[in-house]
Number of protein chains: 2
Amino acid sequence: MEQYNAYSFLLDRTARRVKQYAQYQFNCQQFGITVDQWAILKNLNQHTDLSQKELAEYCGKDQPTLTRIVDLLVSKDLVERRANPTDRRSFVVHLTTAGKRKIETLSGEVNKIRMQAWQNLNEEDFEHLKRILDTIYTNLEIDNGSTGNLR
Amino acid sequence: MEQYNAYSFLLDRTARRVKQYAQYQFNCQQFGITVDQWAILKNLNQHTDLSQKELAEYCGKDQPTLTRIVDLLVSKDLVERRANPTDRRSFVVHLTTAGKRKIETLSGEVNKIRMQAWQNLNEEDFEHLKRILDTIYTNLEIDNGSTGNLR
DNA sequence: TCCGTATATTTGTCATACTAATTATTATTG
DNA sequence: CAATAATAATTAGTATGACAAATATACGGA
């Protein structure tokens, strides 16, 4: 039983290296953004004009974190906050022309960087990894709801 | 090719949930430390009286991060910095009595928390996960050394 | 319509990561 | 031995992550 604990260490360590490696390449190639900022841009490109709440869900970030990343993207003129006509509480996050250009310029390079991790691994490994990570993810739902699992 | 990019998102998301879930349980059960602080204590218990540099390597943390975590553990009286007789640049990090007691008290509970992730998964999954994560990890070595891979 | 509640965003605080720079000490080398 | 390089630890700055609280707005029911 005890040995199974190692997964948490491995996961943490690997996820950090993946991000660190990508950020290192981003810096070397002067992309001018962080890896997390890239994830936001990429999501915005696929689902245009999301509210920050929706964007946070797609990107797997919480709302305070997303607010701050959007702040940085706004200061870099890559996105802008637009009034949401149907709800004055929320904004719509909109890609600027510079933001779209950034995505076009970097997409291919980012793919290359991401694929470095996948050497010596194959399609089947990818399916295993997806399944295992998804299972862990759903195993650890923190349930505040009506099913009343844990406090 | 493009789809393989998803691994980075999955890894990051899963690692964050694993840590968040554990921290949530730590808080509920009033362990009085963070998940990362626990990892340091656990390592110190296995390899007594390491220097901060060695400890950082075992724990997979960088040195500035380790310095700060040790600061927090010192302020909680769980470890202390002792002079290293053979090298006045470095310290030896030593578990206090309270630190040892903390480890004994929490070990079983932490194991239970960690095992929650492993429902619906088996030994074979564990081996797959270990192998895949280790492969990714070594694929992404950032080599500043003599082999001269990338700038 | 008014009131209480829910929601979207923001702000604050603490902890963790990564980078770069600083300090004190040790090791190396001419 | 003296000058230089390398190393252990720290500090500073920025970004992210989690959680709580505050604010503004929307929604539901009396």
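Quick note on labels: first sequence line is chain A, next is B, and so on, each numbered from 1.
- Distance NZ/B/Lys130 to OG1/B/Thr135: 12.5 Å, rounded to 0.5 Å.
- Contact annotation: the side chain of B/Leu133 never approaches that of A/Arg17 to less than 4.5 Å [non-hydrogen atoms, C-beta and beyond].
- B/Leu129 pairs in a side chain to side chain contact (heavy atoms under 4.5 Å, CB included) with only one of the listed residues (A/Ile136, A/Thr14, A/Leu10), which is A/Ile136.
- Aromatic ring centres of B/Tyr4 and A/Phe126: separated by under 6.0 Å.
- At a non-hydrogen distance threshold of 4.0 Å, B/Lys19 from residues 8-19 of chain B come into contact with DNA chain C.
- Under 4.0 Å is where a charged nitrogen must lie from a carboxylate oxygen, and between A/Asp62 and A/Arg68 no such pair does.
- Nucleic acid contact class of A/Gln20 (heavy atoms, under 4.0 Å, all strands): sugar-phosphate only.
- Of the residues in residues 49-70 of chain A, those placing a heavy atom less than 4.0 Å from an atom of DNA chain D are A/Lys61, A/Asp62, A/Pro64, A/Thr65, A/Arg68, A/Ile69, in numerical order.
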Which atom pairs, one a donor and one an acceptor, fall under 3.5 Å between side chains of residues 38-46 of chain B and the rest of the protein, sequence neighbours left out?
residue, atom, partner, partner atom, Å
B/Lys42, NZ, A/Glu2, OE2, 3.2
B/Asn43, ND2, B/Ala39, O, 3.3

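- Using a 4.0 Å cut-off between charged nitrogen and carboxylate oxygen, A/Glu109 and A/Lys112 count as a salt-bridge pair.
- Proximity of A/Leu11 to B/Lys19: side-chain heavy atoms (C-beta onward) are nowhere separated by under 4.5 Å.
- If you check residues 32-48 of chain A against DNA chain C, you find no residue with a heavy atom closer than 4.0 Å.
- With hydrogens and angles left out, the side-chain atoms of A/Thr96 and A/Asp77 include no donor and acceptor closer than 3.5 Å.
- Of all non-hydrogen atoms in B/Ile113 and B/Phe31, the two that sit nearest each other are CD1-CE2, 4.0 Å.
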Output a table of nitrogen or oxygen pairs between the protein and nucleotides 22-26 of chain D separated by less than 3.5 Å.
residue, atom, partner, partner atom, Å
D/dA26, OP1, A/Arg88, N, 2.9

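- Side chains of A/Lys76 and A/Gln37: a donor on one and an acceptor on the other come within 3.5 Å.
- Between A/Phe9 and B/Gly60, the shortest heavy-atom distance links the atoms CE1-N, 4.3 Å.
- A nucleotide of DNA chain C counts as in contact with chain B when one of its atoms lies under 4.0 Å from a heavy atom; the first and last such, 5' to 3', are C/dA15 to C/dT26.
- When side chains are defined from C-beta on, B/Gln52 counts as touching B/Val93, because their heavy atoms get closer than 4.5 Å.
- Using a 4.5 Å heavy-atom threshold, the side chains of A/Glu127 and A/Arg131 count as separate.
- With values rounded to the nearest 0.5 angstrom, A/Gln30 atom CD is found 13.5 Å from A/Phe26 atom CZ.
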